[in-house]
Colleague: 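Just passing along the structure, written as structure tokens.
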Amino acid sequence: MKIRFLGTSFGAPGVGRYQQSILISQGGGLYIFDAGAPVLDCLIKYGYNPADIRAIFISHLHGDHMDGLLDVLNLAEYYGIRCPVYLSERRGIEAFENFAFLQHCKKCENVDFRLIKSGEFYRDDNIAVDAVLTAHMAYRELPSYAFSVKCGDRSVVITSDLSPTLEDFPKRRADLVITECAHLSPEAVCEKITSTKTPAAAIIHVAPTEKYNTLEAMKDTVPFTLLTPEDGEEIEIL
Ligand SMILES: [Zn+2]
Ligand SMILES: [Zn+2]
């Protein structure tokens, strides 16, 4: 399972950083987790074929996690993309279907919008994906999700955005956790990662960016491999 960071910024783009998007490639299939970055531009830049997208998963309906989806809808037919797009809210499905209608003057038939449900909601011959409800949007009584992605006996947890209390940090051990540091302190998130006994963590979506200095200093002290990837970096989990 290969993981490439297409966008590692928080709620606004940074220098050399798009907003959040993570690509997992496995068995010739491409899986997009959040689409804050211009997904199609990134796939082409890194030499992927957009037609290999097997599914897109949007953790919650904040712009920095979904705005890159618009080009996928616009160009799905051109690139031969046919895939499900999983969204966290039904109103998002209606909005994106309307947007597809606006762009194409017809229903976007290449993209099949579906609603995320807690527990395992996606499985194909390469990966299985569990959704874990988080409290990031609880202030508006709306759902948001973390994802646990399994490939054989390997797994990656992508927390996406969390509640400042961190009560919703998924209590799962994985081979890698990808999490954020915008709504919480570096110390608090590292304590949570440590509690899951996950051996490696990639922290993205960092704000303010001064927190990178703290995270860098913590790399020698935390009991797991702490990564702070930049856009384009790739990790392979063997
Ligand atoms: Zn965000
Ligand atoms: Zn958010």
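Order of listing sets the numbers, starting from 1, for every ligand and every atom in it. Just so you know, residue 1 is the first one in the sequence shown, and it goes up from there.
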Colleague: What is the name of the N/O/S atom in Asp161 that sits closest to the Zn ion (ligand 1)?
Modeller: OD2
Colleague: Quick one: do Asp52 and Arg54 make a salt bridge, cutoff under 4.0 Å?
Modeller: no
Colleague: Roughly how far apart are Tyr48 OH and Ser25 OG, rounded to 0.5 Å?
Modeller: 4.5 Å
Colleague: To the nearest 0.5 Å, how far apart are CG in Leu23 and CG in Leu30?
Modeller: 5.5 Å
Colleague: Any N/O/S atom, backbone or side chain, of Glu180 lying under 2.8 Å from the Zn ion (ligand 1)?
Modeller: no
Colleague: What N/O/S atom of His205 gets nearest to the Zn ion (ligand 1)?
Modeller: NE2
Colleague: Got a sec: is His60 within less than 2.8 Å of the Zn ion (ligand 1) via an N/O/S atom?
Modeller: no
Colleague: Give a yes or no on whether the ring-centroid distance for His205 and His65 is below 6.0 angstrom.
Modeller: yes
Colleague: Closest to the Zn ion (ligand 1), which N/O/S atom of Asp64 is it?
Modeller: OD2
Colleague: Using the Zn ion (ligand 2) as the vertex, how large is the angle between NE2 of His136 and ND1 of His62, rounded to 10 degrees?
Modeller: 90°
Colleague: Kindly compute the distance separating OH (Tyr145) from CG (Asp130), expressed to the nearest 0.5 Å.
Modeller: 12.5 Å
